Amino acid sequence: MCGIVGYIGSNTAVSVLIDGLKNLEYRGYDSAGIAMNNDSKINVYRAEGKLSNLCNVLSSSSFDEYTKGIGHIRWATHGAATLDNAHPHKSNDGSVVLVHNGIIENFKELKSELTEKGYNFFSQTDTEAAANYIDYCYKSSVSLEEGVIKAVNGLKGAFAFCIMSENEPDKIIAVRKNAPLIVGLGENENFIASDIPAIIGKVSKIIYLDDGDIATVTKDNIKVKDFAGNVVNKKVETIAFEAEAISKRGYKHFMLKEISEQSDIIRNTLAERLTGTNLPINLAGVKVEEILSKTKRIEIIACGTSLHAAMVAKNIIEAFAGIPVSIEAASEYIYRKNITDAETLVIGISQSGETADTITAIKQAKDKNSHIMVVTNREDSSIVRYADSLLPLRAGIEVSVAATKSYTAQLVSLYLFALKLAEAKKTVDNIDLRKFKQELLEIPAKLEQILSGSKSIKEIADKYYKIKDFFYIARGANVATAMEGALKLKEISYINANGYPAGELKHGPIALLDENVVVMSVLMPNSSTYDKIISNCEEAKARKAKLIAVTSSNDEYLNVLFDEIIKIPEISEELSPILANIPLQLMAYYISDNLGREIDQPRNLAKSVTVE
Ligand code: AGP
């Protein structure tokens with residue numbers, strides 16, 4: 001949510017900043033801006049909307065002499081997506097210029113304090129209050145660094161800043177508190193970014209700033225202090241991703257690329273962890289014995305798609321390991337009195353590892369001495385620092401705002417975990433355990449089979465893309481599939497789509513059904529509720545809804561009942577959510593593409609939601 005990039009060196013800053021922002025565009029696209037410094041003055045350029053608008057603003061000028069700069073891509077929190085609210089923001093006299101990711105919670109107090117002191121405000125943002133407050137503190141300090149240290153102690157909330165001043169043009173100051181920030185180490189040049197994609201391919205060595213770090217970055221030096229002004233020694237690490245990870249590789253959208261690479265991703269997720277049906281599952285990083293020695297119940301906390309993975313996990317952990325599991329949206333968990341304790345295993349699922357709600361919830365659980373297990377795609381993310389056990393997804397960088405490959409990797413990882421618990425507790429007999437392991441090993445090939453049939457899914461999407469209402473129904477673990485299918489469609493197509501347990505349809509939503517509605521149902525032939533869901537579909541058909549099935553069934557009757565059938569390979573009901581979701585991802589993609597939507601950057605959304 002919001003992207004930040006900074007450059008200080010001997011090369012022209014503008015191309016570094018724009019390239020960096022391009023790779024961060026998935027974090028927000030309400031406005032974009034850069035500030036560049038040529039040692040005598042700082043010039044600020046901003047544009048509403050996408051980065052391409054900023055590029056148009058910049059296209060008529062040359063910026064060769066500007067070798068330092070900061071850039072920002074905005075996802076609006078305080079203040080509408082207007083030019084006035086676009087970053088970078090300046091202090092009144094222009095001596096402090098900054099970009100910000102996060103929220104300054106006490107900005108109203110600061111604003112009125114500063115107004116009394118004669119400062120004026122020209123935007124509705126919290127960030128402008130920070131710029132003026134830093135300026136105010138700087139004016140009574142011997143250096144920008146000292147001013148920033150004074151100021152950050154008076155700011156409440158979450159903030160990652162890149163700060164420049166015309167008075168000290170040889171440096172950029174980077175600050176991190178509850179919003180990620182890294183420093184990239186080059187030769188005679190250094191970089192700052194809110195995420196690795198911004199500097200991928202430019203440097204291989206980075207420093208992860210921690211909360212409470214202030215880095216003074218010059219072109220040949222990086223000095224880090226804490227908020228008390230003490231020097232902090234930082235570890236230099238190597239970037240784990242190749243530039244290739246953020247290329248579309250010829251696909252029209254990142255989403256399609258990410259859907260298409262899922263069989264390889266799952267091979268990667270399974271590698272070394274599940275190597276044969278007679279061999280134990282090996283989840284290095286997950287302290288299974290410690291977990292089992294003290295766990296009476298499990299709570300899984302997540303948001304959005306990750307919450308749907310949690311729904312599947314509840315089903316399978318209870319079924320395989322017999323441990324009671326509750327799941328909750330992180331944004332709800334953190335504001336209620338809960339019963340989390342030292343005997344609760346708390347699992348936080350987050351693709352990005354930067355979701356503010358999930359991190360806050362996990363911190364709260366950590367304070368209650370729960371064992372924290374983190375399931376994430378980013379081992380370098382903020383949530384990982386609270387983990388007692390870590391289960392990385394190994395899905396590679398996911399660029400599209402709509403989560404696809406990371407969801408499939410979450411499911412597979414959680415199946416491995418559930419089966420590992422069952423293996424250790426002996427709650428599933430050996431024959432079944434081997435069967436489930438065999439099925440997991442076959443997932444990549446079956447994913448390939450579904451993906452190779454994407455043309456027929458596109459044909460169905462071509463037929464129905466103008467429909468304005470979609471219902472997704474399923475039972476058991478696939479209720480999560482229905483909800484995830486609906487979320488995927490609505491977030492990228494803006495079509496009204498809702499997921500329900502199929503049996504709930506008759507308790508209200510059925511009132512909305514008519515010939516203008518599509519009902520997508522997931523039904524697995526070997527399920528105990530197969531006949532029930534058929535009845536639910538009959539009820540929808542009687543209201544003239546168009547019916548589409550996702551199924552592995554060869555039941556002839558389905559040809560009579562359904563308008564369209566999307567076949568998936570045979571799989572046990574327990575593991576079916578992994579496969580059943582893939583056609584729904586493709587449907588959402590092709591429908592949205594037909595509608596001409598900006599698939600990788602849907603309106604109002606951002607890839608990682610770093611505000612509560
Ligand atoms: C998924 O398609 C969404 N964009 C969104 O719901 C996402 O899953 C949610 O914001 C949680 O993100 P996280 O997994 O990175 O914590």
Side-chain angles (χ1 to χ4, degrees), residues 2-9 13 16 20 37 68-72 96-102 104 130-131 133-134 137-138 141-165 167-196 198-199 202-240 353-354 359 378-386 610:
C2 298
I4 289 179
V5 61
Y7 174 77
I8 185 158
V16 178
N37 189 340
K68 303 154 191 111
I70 55 180
H72 188 267
V96 169
V97 181
L98 59 77
V99 290
H100 167 220
N101 178 17
I104 308 295
Y133 187 57
I134 292 171
C137 295
Y138 181 23
S141 305
V142 296
S143 65
L144 180 63
E145 184 187 273
E146 189 187 303
V148 170
I149 291 174
K150 275 188 203 164
V152 292
N153 283 291
L155 299 178
K156 291 193 184 136
F159 43 86
F161 291 124
C162 274
I163 307 163
M164 294 197 302
S165 172
N167 307 333
E168 297 180 49
D170 61 330
K171 64 190 62 135
I172 299 174
I173 298 195
V175 182
R176 172 185 171 142
K177 189 186 166 200
N178 294 334
L181 207 56
I182 53 177
V183 180
L185 283 60
E187 291 228 342
N188 236 1
E189 59 180 1
N190 286 311
F191 302 76
I192 302 160
S194 46
D195 201 357
I196 286 174
I199 52 173
K202 297 198 162 61
V203 287
S204 57
K205 300 282 174 211
I206 52 172
I207 292 173
Y208 288 99
L209 295 183
D210 288 304
D211 285 343
D213 281 348
I214 299 173
T216 301
V217 182
T218 62
K219 70 176 185 172
D220 42 26
N221 190 37
I222 294 149
K223 182 178 62 184
V224 182
K225 291 188 174 173
D226 62 20
F227 282 15
N230 303 310
V231 172
V232 181
N233 291 319
K234 305 299 293 182
K235 204 165 108 199
V236 175
E237 301 187 38
T238 304
I239 290 184
E354 299 295 347
I359 292 176
R378 294 296 297 268
E379 287 176 71
D380 56 348
S381 64
S382 304
I383 201 168
V384 170
R385 76 185 62 155
Y386 306 103
T610 54

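Just so you know, residue 1 is the first one in the sequence shown, and it goes up from there. Values in this document were obtained by computation on a predicted structure and should not be read as measured data.
- For the side chain to side chain contact (heavy atoms under 4.5 Å, CB included) criterion with Val183, the lone passing option out of Val236, Leu209, Val224 is Leu209.
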*Does the side chain to side chain contact (heavy atoms under 4.5 Å, CB included) test come out yes or no for Ile222 and Leu185, once each step is laid out?*
CA-CA 9 Å; Ile222 294 149; Leu185 283 60; 3.7 Å; yes
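- With sequence neighbours excluded, the residues forming a side-chain contact (heavy atoms from CB on, under 4.5 Å) with Glu168 are Tyr138, Ser143, Leu144, Asp170, Lys171, listed by chain and number.
- Partners of Ser141 by side-chain contact (heavy atoms from CB on, under 4.5 Å), not counting sequence neighbours, listed by chain and number: Glu146, Lys150.
- For Ile192 against Cys162, the heavy-atom pair with the smallest separation is CG2-SG, 3.5 Å.
- Under the rule for a side-chain hydrogen bond (donor to acceptor under 3.5 Å, both in side chains), the partners of Ser382 that lie at least two apart in sequence or sit in another chain are Arg176, Glu354.
- A heavy-atom distance below 4.5 Å is found between the side chains of Ile206 and Tyr208.
- A heavy-atom distance below 4.5 Å is found between the side chains of Val16 and Lys202.
- Taking 4.5 Å as the limit, every side-chain heavy atom of Thr218 sits out of range of all side-chain heavy atoms of Lys223.
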*Verdict with supporting geometry, Cys137 and Ile134, side chain to side chain contact (heavy atoms under 4.5 Å, CB included)*: CA-CA 5 Å; Cys137 295; Ile134 292 171; 5.8 Å; no
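- The backbone N or O of Val217 lies less than 3.5 Å from no partner atom in the side chain of Asn221, so there is not a single donor-acceptor pair.
- The nearest pair of heavy atoms linking Val5 to Ala198 is CG2-CB, 4.4 Å.
- Inter-residue side-chain proximity for Phe161 and Leu155 is flagged as met; some heavy-atom pair is nearer than 4.5 Å.
- No side-chain heavy atom of Val203 sits less than 4.5 Å from a side-chain heavy atom of Asn190.
- Considering all non-hydrogen atoms of both residues, Asn101 and Cys2 come closest at OD1-CB, 3.5 Å.
- Residues passing the side-chain contact (heavy atoms from CB on, under 4.5 Å) test with Asn178 are Ala158, Asp211, Lys363, sequence neighbours excluded.
- The minimum heavy-atom distance linking Gly353 with Ser381 is given by the pair CA-OG, 3.3 Å.
- Side-chain contact between Val175 and Asp213: absent, with no pair of heavy atoms (C-beta onward) separated by less than 4.5 Å.
- Looking at every heavy atom in both residues, Ile172 comes nearest to Gly69 through CD1-O, 3.6 Å.
- Within the 3.5 Å criterion, the main-chain N or O of His100 finds a donor-acceptor partner in the side chain of His72.
- When all heavy atoms are compared, the tightest approach of Ala131 to Leu98 is CA-CD2, 3.7 Å.
- By the side-chain hydrogen bond (donor to acceptor under 3.5 Å, both in side chains) test, Thr216 is found to be paired with Glu145, residues two or more places apart in sequence or in another chain being considered.
- For Lys177, the side-chain contact (heavy atoms from CB on, under 4.5 Å) partners at least two apart in sequence or on another chain are Phe159, Phe227.
- Rounding to the nearest 0.5 Å gives a distance of 8.5 Å between CD1 of Ile8 and NZ of Lys219.
- The closest side-chain heavy-atom distance from Ile207 to Ile182 is not below 4.5 Å.
- Evaluation of the salt bridge (Lys or Arg N to Asp or Glu O under 4.0 Å) rule for Asp210 yields Lys234 as partners, not counting sequence neighbours.
- Taking the salt bridge (Lys or Arg N to Asp or Glu O under 4.0 Å) definition, one finds that Lys205 meets it with nothing, sequence neighbours left out.
- Considering only residues two or more places apart in sequence or on other chains, Phe191 meets the ring pair (Phe, Tyr, Trp, His ring centres under 6.0 Å) condition with Tyr7.
- Residues satisfying the side-chain hydrogen bond (donor to acceptor under 3.5 Å, both in side chains) criterion with Asn230, sequence neighbours excluded, are Asp226.
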